[in-house]
Asks: 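I am attaching a structure below and will ask some questions about it afterwards.
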Amino acid sequence: MEHQVSIMSDWVLLGLIVALVTLLLLTVFGFVVYSGLFTEVVVSAGSPPVGSITLAYKFRVGPYGESGQLFTDGCSISSKLCSIGVYYDNPHTVSPEKCRFAIGRILSEGDAKPSEEQIKRFQKYGFKIFSFPAPSHVVMATFPFTTPLSIHLAVNRVHPALDTYIKERKLCAHPRIEIYKEDRIYFVCPLARQGDFYVPEMKELERRSRAAAAETEDAQTDITGADTMSETSSISMEATPDSRDTSVATSILLPFPASRGREEADNRSEHSYSESGASGSSFEELDLEVTGDGEGTPSLLPGVGYAGNQEVTEKWTKEPIAAERGEE
């Protein structure tokens, strides 16, 4: 009798363990689903979900994984404000230590002005203040922001969807902006005036990069031009007296077409599109939803990582924007 009771007790204990494990697994599964595991990713183009903003930010060059600490820093100063992240490089092709990004908090939107107290508080902890204008048209997607796990799910699912959308339509859409607002994460890629969304530190890095590239190219051109001049001069010395004038003229003029071609290439590259799109369609060609007043509106449906076989580029931006060249 006692043996039977012992066996029953063992079965009851085993049943309780199985039930607890099952409940635990169901709880974890429910948590992941609630975080957005099965949320459909919807990418659209149209008017942005936010207007002009003033933000307090910190700029960094390094792995994007370091952005978490910057988010924490901003949240510790003011937990009521919305977080924002601006990512300038494609992490799949740019080495982690060279990726550039800015992380911070949105101090005000639209016509509202941030308080002096807020500005001083963030500046005290090393944040800088900058303003972004309202983008006219953007490529965007949204994702639920219900748990901390939502961030990881969103990053791994939304960015590949954005890449595919931008590549298929050959758009110039950069940089990547993430806005954490209430229970949604907004992923925004401006289609115009991208230079307005470059913080001063990023503009300075781009200016230095362009200057270094120009110096390198000029040095290579000088070497090539000298070699060409030397070769042409040798040929002209061996020419007959009747052809001397022509040879001298040729030796003088030959370097200039190459130089002119380089200048023309530079001018073309200054207006080239983002490397994420080869021909760079304009946002007017997108399938925007049209309202009664004729303006495109976004489709912010619930749902929002890179396709294995798609082409990726070193940067989401390829060349300096017009706004940056104007500042120089």
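No hydrogens, no waters, no symmetry mates; every other heavy atom, side chains included, goes into these values. Numbers here simply count residues along the sequence, with the first being 1.
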Asks: Taking the side chain as everything from C-beta on, heavy atoms only, tell me whether V86 gets closer than 4.5 Å to F101.
Replies: no
Asks: Quick one: do V199 and V61 end up in the same hydrophobic cluster if we chain Ile, Leu, Val, Met, Phe, Trp and Tyr together by side-chain heavy atoms under 4.5 Å apart?
Replies: yes
Asks: So do the side chains of L55 and L107 get within less than 4.5 Å of each other, counting heavy atoms only?
Replies: no
Asks: Please examine the side chains of I129 and Q123, heavy atoms only from C-beta on, and report whether any two atoms are closer than 4.5 Å.
Replies: yes
Asks: Are F130 and V50 connected into the same hydrophobic cluster when the rule is that any two of I, L, V, M, F, W, Y join if their side-chain heavy atoms are below 4.5 Å apart?
Replies: yes
Asks: Between F127 and Y57, is the ring centroid distance below 6.0 Å?
Replies: no
Asks: Could you walk me through whether V18 and L20 pass the side chain to side chain contact (heavy atoms under 4.5 Å, CB included) check?
Replies: CA-CA 5 Å; V18 171; L20 289 174; over 6 Å; no
Asks: Work out which heavy atom in I119 is nearest to a heavy atom in P114; give both atom names and the distance.
Replies: CD1-CG, 3.9 Å
Asks: Are F38 and F143 grouped together when hydrophobic residues (ILVMFWY) are joined by side-chain heavy atoms under 4.5 angstrom apart?
Replies: yes
Asks: Are I106 and L81 close enough that some pair of their side-chain heavy atoms sits under 4.5 Å apart?
Replies: no
Asks: May I ask you to establish whether R169 and Y165 are in a cation-pi arrangement, using a distance under 6.0 Å from NZ or CZ to the six-membered ring centre and at most 45° from the ring axis?
Replies: yes
Asks: Just by modelled atom types, is the C82 backbone N or O under 3.5 Å from a matching donor or acceptor in the E182 side chain?
Replies: no
Asks: How many angstroms lie between CG in L24 and OG1 in T22, if you round to the nearest 0.5 Å?
Replies: 9.5 Å
Asks: Is it true that Y64 and Y87 have ring centroids separated by less than 6.0 Å?
Replies: yes
Asks: From S108 OG over to I53 CD1, what is the distance, rounded to the nearest 0.5 angstrom?
Replies: 8.5 Å
Asks: Using the benzene-type ring in the case of Trp, are the ring centres of Y180 and F71 under 6.0 Å apart?
Replies: yes
Asks: Is it the case that more than 12 heavy atoms not belonging to E117 sit under 6.0 Å from its CD atom?
Replies: no
Asks: So does F132 get a backbone contact from the side chain of S52, meaning a donor-acceptor N/O pair under 3.5 Å?
Replies: no
Asks: Locate the shortest heavy-atom distance separating Q194 from H174; write the atom from each residue and the value.
Replies: CG-O, 2.7 Å
Asks: Judged by atom type as modelled, is there a donor-acceptor pair below 3.5 Å linking the side chain of S78 to the main-chain atoms of G74?
Replies: no
Asks: Would you please indicate if the ring centroids of Y88 and Y198 are separated by under 6.0 Å?
Replies: yes
Asks: Please tell me whether F145 and V41 are part of a single hydrophobic cluster in this structure, the criterion being side-chain heavy atoms less than 4.5 Å apart.
Replies: yes
Asks: Under 4.5 Å between any side-chain heavy atoms of K181 and E109, yes or no?
Replies: yes
Asks: Tell me the closest heavy-atom pair linking G36 and L153, and the distance in Å.
Replies: C-CD1, 4.0 Å
Asks: With a 6.0 Å cut-off on ring centres, are F187 and H159 close enough?
Replies: yes
Asks: Can you tell me how far apart CD (E97) and CD (E66) are? Round to the nearest 0.5 Å.
Replies: 10.5 Å
Asks: If we ignore hydrogens and angles and just use 3.5 Å, is the side chain of S150 paired with the main-chain N or O of T146 as donor and acceptor?
Replies: yes
Asks: With E201 as reference, evaluate K128, R100, R60 under the side-chain hydrogen bond (donor to acceptor under 3.5 Å, both in side chains) test and give the passing residue.
Replies: K128
Asks: What are the two closest heavy atoms between P144 and I185, and how far apart are they?
Replies: O-CD1, 4.3 Å
Asks: CG of L191 to NE2 of H137: how many Å apart, nearest 0.5 Å?
Replies: 8.0 Å
Asks: Does some side-chain heavy atom of L14 sit less than 4.5 Å from a side-chain heavy atom of L16?
Replies: no
Asks: Using atom types as modelled and distance alone, determine if a side-chain donor or acceptor of R208 lies under 3.5 Å from a backbone N or O of K203.
Replies: no
Asks: Check the hydrophobic clustering (I, L, V, M, F, W, Y; side-chain heavy atoms under 4.5 Å; chains of links allowed) and say if L149 and Y34 are grouped together.
Replies: no
Asks: Indicate the atoms forming the closest heavy-atom contact of A173 with I166, along with that distance.
Replies: CB-CD1, 3.7 Å
Asks: For V158 and A141, work out which heavy atoms get closest and say how close.
Replies: CG1-CB, 3.9 Å
Asks: How about Q118 and R105: do any of their side-chain heavy atoms sit closer than 4.5 Å?
Replies: no
Asks: Output the distance between atom CD1 (I151) and atom CD (E178), rounded to the nearest 0.5 Å.
Replies: 9.0 Å
Asks: Decide side-chain hydrogen bond (donor to acceptor under 3.5 Å, both in side chains) for T147 and S35; before the verdict, give the C-alpha distance in whole Å, the side-chain angles of both, and the deciding distance to 0.1 Å.
Replies: CA-CA 6 Å; T147 70; S35 299; 2.5 Å; yes
